[in-house]
Number of protein chains: 2
Amino acid sequence: MQLDNRKKEVLHAIVDDYVSTNEPVGSKSLIERHNFQVSSATLRNDMAELEHLGLIEKPHTSAGRIPSDKGYREYVNSLMTIDELSPREQLEIEKRIDTSVDEVTDLIKNATHTLSETTGFVSLAMSPRLKKSFLKQLKILMIEPGKALVVMVLSAGVVKDKVVRIPNFLSDEQIMKISGAVEKHLTGKPLDEITLVTVESAGKSTDVPEPLLKQVLYEAYAAIKQADELNIYLEGEHRMLSLPDFSSLGRARDLLGTLSDSGMVAGYVNEMENAAKEGGSDDSFMIRIGQEITLEGLDDCSFITATYNLTDSVSGNIGVIGPKRMLYSKVISQIDFVKKKLNKEMQRFT
Amino acid sequence: MQLDNRKKEVLHAIVDDYVSTNEPVGSKSLIERHNFQVSSATLRNDMAELEHLGLIEKPHTSAGRIPSDKGYREYVNSLMTIDELSPREQLEIEKRIDTSVDEVTDLIKNATHTLSETTGFVSLAMSPRLKKSFLKQLKILMIEPGKALVVMVLSAGVVKDKVVRIPNFLSDEQIMKISGAVEKHLTGKPLDEITLVTVESAGKSTDVPEPLLKQVLYEAYAAIKQADELNIYLEGEHRMLSLPDFSSLGRARDLLGTLSDSGMVAGYVNEMENAAKEGGSDDSFMIRIGQEITLEGLDDCSFITATYNLTDSVSGNIGVIGPKRMLYSKVISQIDFVKKKLNKEMQRFT
DNA sequence: TGTTGGCACTCGGAAGGTAAGAGTGCTAAT
DNA sequence: ATTAGCACTCTTACCTTCCGAGTGCCAACA
């Protein structure tokens with residue numbers, strides 16, 4: 001995209017003005033508000049050019065221009081500058097995140113909540129991708145005949161457990177034997193390398209009769225697999241209703257309808273993450289604008305996520321879904337700050 | 001409320017018509033749609049009377065009448081008849097609730113989801129009130145230096161746990177001692193009878209040095225208290241946006257804003273439950289209509305909940321928040337059916 | 001070649017005015 | 001107690017008009 005400097009400034013100004021006023025911006029008001037040393041007619045020529053390039057568009061013939069998805073994209077990629085949050089703002093966020101929690105999950109939820117409050121948009125976080133973390137402990141505890149609890153401690157400092165059904169007549173002792181054998185064989189293995197076969201071979205060394213053993217091992221395997229399932233935390237959906245961008249009930253309904261299917265959103269975030277990894281983009285933010293988002297009803301939204309790290313190999317995402325008419329630089333620095341705060345606090349757990 | 005038969009029929013008809021058409025109903029359309037053996041002028045007189053009694057009201061001078069909160073209340077209390085769901089509908093619900101889950105919590109979530117889908121409204125469920133359930137097992141497991149897991153098995157078939165911090169230099173053995181002592185003293189006690197004092201005295205019999213012991217016991221106590229905290233599950237908030245009753249963005253925003261504070265909703269449900277218990281109402285449904293609801297933004301809603309039972313003494317609530325312009329009898333039978341299904345499936349866990 | 005002033009043109013939105021329709025309350029008659 | 005009739009009210013939809021912001025283009029200019 002080869003734009004001369006003034007055209008860049010014009011696009012920049014249009015985005016800024018439109019974001020702050022929510023009105024299509026015309027050549028005249030552009031002159032009034034910014035210090036362009038040229039006349040409105042000149043800007044009109046520039047704007048016609050920008051429109052030709054698909055960076056801005058007009059809602060109808062006699063209105064000003066608004067940025068197109070492509071225009072926002074250009075703005076985000078090359079035009080905007082991101083500056084740090086002011087100390088005030090930083091303090092505000094630090095005050096909000098409650099870090100006196102005992103589990104990583106709570107910390108993430110807190111961060112998500114804070115992010116939604118500070119941005120005024122929908123925030124979301126994915127639970128850490130635990131596939132790459134390894135098993136530090138695994139215990140099967142007898143709860144009552146027919147019922148046991150599989151407790152797993154993972155390298156990332158996370159504890160997971162699951163109630164499982166076991167054959168009724170297994171004794172406490174037998175369970176302990178199995179538990180010990182499984183733990184011995186699996187400790188140190190990353191979750192994504194543990195398969196049903198691995199688990200079953202781990203149980204071989206016990207003298208528990210075959211079919212019973214097999215059932216317990218299967219349940220243990222299921223518990224392990226459940227441990228690396230991804231959760232998503234979404235917050236502040238209702239805030240979208242306060243934005244003029246969603247003052248049409250139809251849009252709002254489509255948006256919230258889609259967001260209510262959290263599994264679908266989680267899937268999309270995962271796709272984004274994978275695409276970013278493959279694309280080799282070392283940019284720390286993933287940004288999708290408007291129609292770039294393939295989820296239904298998010299045409300007027302932008303999706304911005306960052307990656308937090310629980311350990312070197314275990315990470316997750318945290319970010320925001322807002323109107324595409326947003327203060328990108330501000331929101332990005334807010335996400336960035338929350339992410340950093342999260343990374344720092346997470347060290348306590350690992 | 002002494003109403004002659006025809007007036008009752010008129011109110012009944014007005015509610016029915018208004019619920020199904022969402023239009024204020026006038027004397028003429030009332031005649032057309034129902035088999036009143038009198039003229040519209042007579043109905044007009046009756047309606048004037050009903051309005052005088054505060055049971056119906058008109059949005060403006062030249063419109064038909066709509067039921068007031070009091071009118072709905074009369075309808076719900078004395079006018080409507082509740083009939084069972086058709087076999088079709090029953091089947092539909094049974095098909096939807098996935099009962100192949102391992103934990104009570106998942107069952108409740110499933111039921112809530114189903115209820116929202118079948119009614120088309122917001123559904124909600126409270127987790128079981130575990131105060132009255134007693135401790136069957138309590139184990140403190142060492143995870144790593146400074147960190148332990150408190151696992152509790154409750155009489156209601158529920159397993160709860162919490163990661164807690166403990167002094168770094170406590171040994172595995174010491175923790176096991178404490179765990180054993182606490183379990184021995186507390187097993188069989190209902191949760192609401194366990195206090196910090198109880199827990200601390202339970203630890204006396206160990207030979208672990210005082211300040212360390214005290215910290216562990218405190219954490220154990222905190223874990224127990226956390227176990228009986230109430231959770232609320234809310235589903236389908238976005239469905240409200242599809243209802244004509246909330247086609248005004250302002251109303252919709254207020255409603256979803258309030259619902260987003262799940263703690264507040266949970267508190268309200270609890271209040272309702274307590275009020276019902278004190279009132280000695282043996283009615284199995286709690287119904288709040290319009291302004292009867294003290295939560296902000298729910299003026300146009302009705303709140304209907306029923307009580308499910310996990311055990312004799314452990315119960316929770318499940319229900320619906322919908323527009324007050326709803327098919328009460330249908331919704332009530334839907335909730336009733338889901339509740340019964342839930343009660344039945346829960347027996348598996350206890 | 002890029003910039004500028006000028007001007008005719010377009011279109012959406014606000015304002016105002018009218019007509020239709022549904023429903024009411026009241027009165028007088030049955 | 002019930003009914004027919006009628007004047008009155010109020011909302012809604014629809015039309016017309018008008019204003020202003022903004023555009024594109026042209027001819028003149030540096």
Side-chain angles (χ1 to χ4, degrees), chain A residues 2-11 13-18 20-68 71 244-245 247-248, chain B residues 2-11 13-18 20-68 71 244-245 247-248:
Chain A
Q2 66 298 36
L3 289 175
D4 64 50
N5 275 336
R6 199 184 54 223
K7 292 212 184 67
K8 280 185 188 168
E9 277 171 41
V10 172
L11 179 55
I14 290 177
V15 173
D16 283 351
D17 282 14
Y18 182 61
S20 63
T21 64
N22 193 26
E23 306 270 305
V25 359
S27 52
K28 205 156 175 193
S29 54
L30 218 41
I31 292 279
E32 274 168 22
R33 240 198 271 227
H34 304 265
N35 290 334
F36 287 106
Q37 298 302 332
V38 291
S39 77
S40 67
T42 310
L43 291 194
R44 275 207 290 285
N45 290 333
D46 288 352
M47 287 162 85
E49 178 73 8
L50 289 171
E51 183 171 6
H52 197 72
L53 292 169
L55 295 167
I56 57 181
E57 54 200 19
K58 24 183 191 211
H60 49 262
T61 325
S62 76
R65 308 299 215 294
I66 63 175
S68 66
D245 310 75
S247 59
S248 130
Chain B
Q2 67 298 35
L3 290 174
D4 64 48
N5 274 337
R6 199 185 55 223
K7 291 213 184 69
K8 280 185 188 168
E9 277 170 41
V10 172
L11 179 55
I14 290 177
V15 173
D16 283 352
D17 282 14
Y18 182 61
S20 62
T21 64
N22 193 27
E23 306 271 304
V25 358
S27 53
K28 204 156 176 194
S29 54
L30 219 40
I31 292 280
E32 276 167 20
R33 238 196 273 229
H34 304 265
N35 289 334
F36 287 105
Q37 298 302 329
V38 292
S39 78
S40 67
T42 310
L43 292 195
R44 276 207 290 283
N45 291 333
D46 287 352
M47 286 161 84
E49 179 73 9
L50 289 172
E51 183 172 5
H52 198 73
L53 291 170
L55 295 167
I56 56 181
E57 55 200 20
K58 26 183 190 207
H60 51 261
T61 325
S62 76
R65 306 302 213 293
I66 63 176
S68 66
D245 310 75
S247 59
S248 130

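Within every chain, numbering begins at 1; the chains are lettered A, B, ... in the order of the sequence lines, protein sequences first and strands thereafter. Hydrogens, waters and symmetry mates play no part in the numbers below; they use all other heavy atoms, side chains included.
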Atom [atom1] of [X] and atom [atom2] of [N]: how far apart are they, to the nearest Å?
| X | N | atom1 | atom2 | result |
| --- | --- | --- | --- | --- |
| A/E49 | C/dT1 | CD | P | 15 Å |
| B/L43 | C/dA22 | CG | P | 18 Å |
| A/L30 | D/dA21 | CG | C1' | 14 Å |
| B/I31 | C/dT24 | CD1 | P | 11 Å |
| A/K28 | D/dG20 | NZ | C1' | 10 Å |
| B/N5 | D/dA1 | CG | C1' | 16 Å |
| B/E57 | D/dC10 | CD | C1' | 17 Å |
| B/Q37 | D/dT2 | CD | C1' | 14 Å |

- With distance as the sole test, does B/S68 use its side chain to make a donor-acceptor pair with the main-chain N or O of B/L55 at under 3.5 Å?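 Checking the backbone N and O of B/L55 against the side chain of B/S68, a donor-acceptor pair under 3.5 Å is found.
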- Query: Base, sugar-phosphate alone, or nothing: which one does A/S40 contact when heavy atoms must sit under 4.0 Å apart?
  - Reply: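 No contact.
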- Task: Have a look at A/A63 and say if it touches a base, only the backbone sugar-phosphate, or nothing, with a 4.0 Å heavy-atom cut-off.
- Result: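 Sugar-phosphate, backbone atoms only, no base.
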Does [N] have OP1 or OP2 sitting under 4.0 Å from an N or O in the side chain of [X]?
| X | N | result |
| --- | --- | --- |
| B/S29 | C/dA22 | no |
| B/K58 | C/dA22 | no |
| A/R65 | D/dA21 | no |
| B/S39 | D/dT3 | yes |
| A/K7 | C/dG2 | no |
| B/R44 | C/dA22 | no |
| A/T61 | C/dC9 | no |

- Message: Checking B/H34 against B/D16: is there a side-chain donor and acceptor pair closer than 3.5 Å?
- Response: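 Judged by distance alone, the side chains do not pair up.
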Look at the side chain of [X] and decide which nucleotide, out of [options], has an atom nearest to it.
| X | options | result |
| --- | --- | --- |
| B/H60 | D/dC10, C/dC11, C/dT24 | D/dC10 |
| B/A41 | D/dT2, C/dT4, D/dA4 | D/dA4 |
| A/N45 | C/dT3, C/dT24, D/dT11 | C/dT3 |

- Message: When you measure only distances, ignoring hydrogens and angles, does the side chain of A/S62 come within 3.5 Å of the base of C/dC11 through a donor and an acceptor?
- Response: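 Donor-acceptor pair under 3.5 Å: yes.
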- Message: Which is more 5' along DNA chain D, the nucleotide nearest B/D46 or the one nearest A/E51? Just name the residue.
- Response: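 On the 5' side of the pair lies B/D46.
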- Message: Looking at A/E51 and A/R65, is any side-chain nitrogen of the basic one under 4.0 Å from a carboxylate oxygen of the acidic one?
- Response: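 Counted as a salt bridge, because a side-chain N and a carboxylate O are separated by less than 4.0 Å.
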- Query: Closest approach of B/F36 and B/I31, non-hydrogen atoms and distance?
  - Reply: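 Result for this residue pair: CB-CD1, 4.4 Å.
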- Item | Least distance between heavy atoms, B/G26 atom then B/M47 atom |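 The pair with the smallest heavy-atom distance is C-CE, 4.2 Å.
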- Message: Could you check whether atom CG of B/D4 has more than 12 heavy atoms from other residues, nucleotides or ligands sitting under 6.0 Å from it?
- Response: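 Enclosed.
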